[in-house]
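Note: hydrogens, waters and symmetry copies are ignored here, and every other heavy atom, side chains too, is used.
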Amino acid sequence: MIPFDGIFTKVTLICLFASTGWSRMKRHYNGYTVSDSDSELEPLIINRGPYFDTSVSKNVTALVGKTTYLSCRVRNLGNRTVSWIRHRDLHLLTVGRFTYTSDQRFVSIHNPMTEDWTLQVRYPQRRDGGVYECQVGTTPPIGHTMVLSVIEPITTLLGGPEMYINKGSTMNLTCIVKHSPEPPPTIYWAHNSQEINYDSPRGGVNVITEKGDNTVSYLLIQKARDSDSGKYTCNPSNANPKTLTVHVLNEHPAAMQHGGQLRLEYPFSAVLLSILVAVVGP
């Protein structure tokens, strides 16, 4: 038996459809066709059952190893169930708030006070990239897809893995971070596994960092001495660390690195470094 309020809703829709003209009908809501221009029907759309608020759904770019979230907002869910499906292998990941995969990195998050259903992906890897679907268990099911892109920033130290510096010269170590969705908040420099103290009695140690699509950090050490030899590590807060070994020598071997390479690739930055050397002094 059809409930009275259901009959009333259907009759009301049919009357409105007749008054606006059947030829204008273009969209479908729970089996009823509605025209895009029938704004007077919008109050009735709230009774059409679950639908996705796509204004809050978006494709997501994540960093390798950094927890990320895919979110969808479902209006008028009622007593239906929300599931997350991975399209690559049509694997059912979660149903409601329960994980249905042996990969426990996938977790469903939902606050009963909201209409948001979130898929948490812990420690994402590049293989996790692809299309994911937030699906509602209607008949037939409805779904909304999103794309997860997992990228791995690349850290490069120019001149590595071995660099030779003439004793008494200025050491320029250049660290470049590429393919990062946002510049690293911090870049740490270490010498022989110890974080460099720029206020140490040694003096003459400075860092210049230029953030952008490619973030570049320069470690500048003046009047290189024997104790400056060793392993130097550039460690961005959102990318992999990179290490090279510096040899401070009394002679000038043919393999020695020099500032020419730096000036060719980053001319403006090289000028900044030159000015800093002149201002700071020995």
Using the rule that Ile, Leu, Val, Met, Phe, Trp and Tyr join whenever any side-chain heavy atoms are under 4.5 Å apart, tell me whether [X] and [Y] fall into a single cluster.
X	Y	value
Val207	Met171	yes
Leu173	Tyr198	yes
Val150	Val177	no
Val95	Trp84	no

Main chain of [Y], side chain of [X]: is a donor-acceptor contact present, judged purely on distance under 3.5 Å?
X	Y	result
Asp116	Asn111	no
Gln125	Tyr123	yes
Thr99	Phe106	yes
Lys242	Thr233	no
His144	Val136	no
Ser229	Val248	yes

Original post:
Charged N to carboxylate O under 4.0 angstrom, Arg202 versus Asp228?
Top reply: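 Salt bridge flag = yes for Asp228 with Arg202.
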**OP:** Determine, for Lys178 against Asp213, whether the closest basic-nitrogen to carboxylate-oxygen distance falls under 4.0 angstrom.
**Re:**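 No.
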**OP:** Give me the ring orientation class for Trp117 and His110: parallel if the planes are under 30° apart, tilted from 30 to 60°, perpendicular past 60°.
**Re:** parallel
Just checking, is any N or O donor in the side chain of [X] or [Y] under 3.5 Å from an acceptor N or O on the other one?
X	Y	answer
Asn59	Ser149	no
Glu195	Tyr188	no
Glu152	His179	no
His91	Thr101	yes
Thr186	Ser237	no

Subject >> Separation of Glu162 CD from Thr245 OG1 (nearest 0.5 Å) >> reply: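 One gets 4.5 Å once the value is rounded to the nearest 0.5 Å.
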**OP:** With sequence neighbours left out, write down each residue that passes salt bridge (charged side-chain N to carboxylate O under 4.0 Å, His left out) with Glu133, or none if nothing qualifies.
**Re:** none
**OP:** For the residue pair Cys175 and Trp189, establish whether any side-chain heavy-atom pair is separated by less than 4.5 Å.
**Re:** yes
Original post:
Which atom pair, heavy atoms only, marks the closest approach of Asn235 to Pro241?
Top reply: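 For Asn235 versus Pro241, the nearest heavy atoms are OD1-CB, 3.7 Å.
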Subject >> Nearest non-hydrogen partners of Asn240 and Pro153, listed with the distance >> reply: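 Distance-wise, the nearest heavy atoms are OD1-O, 3.2 Å.
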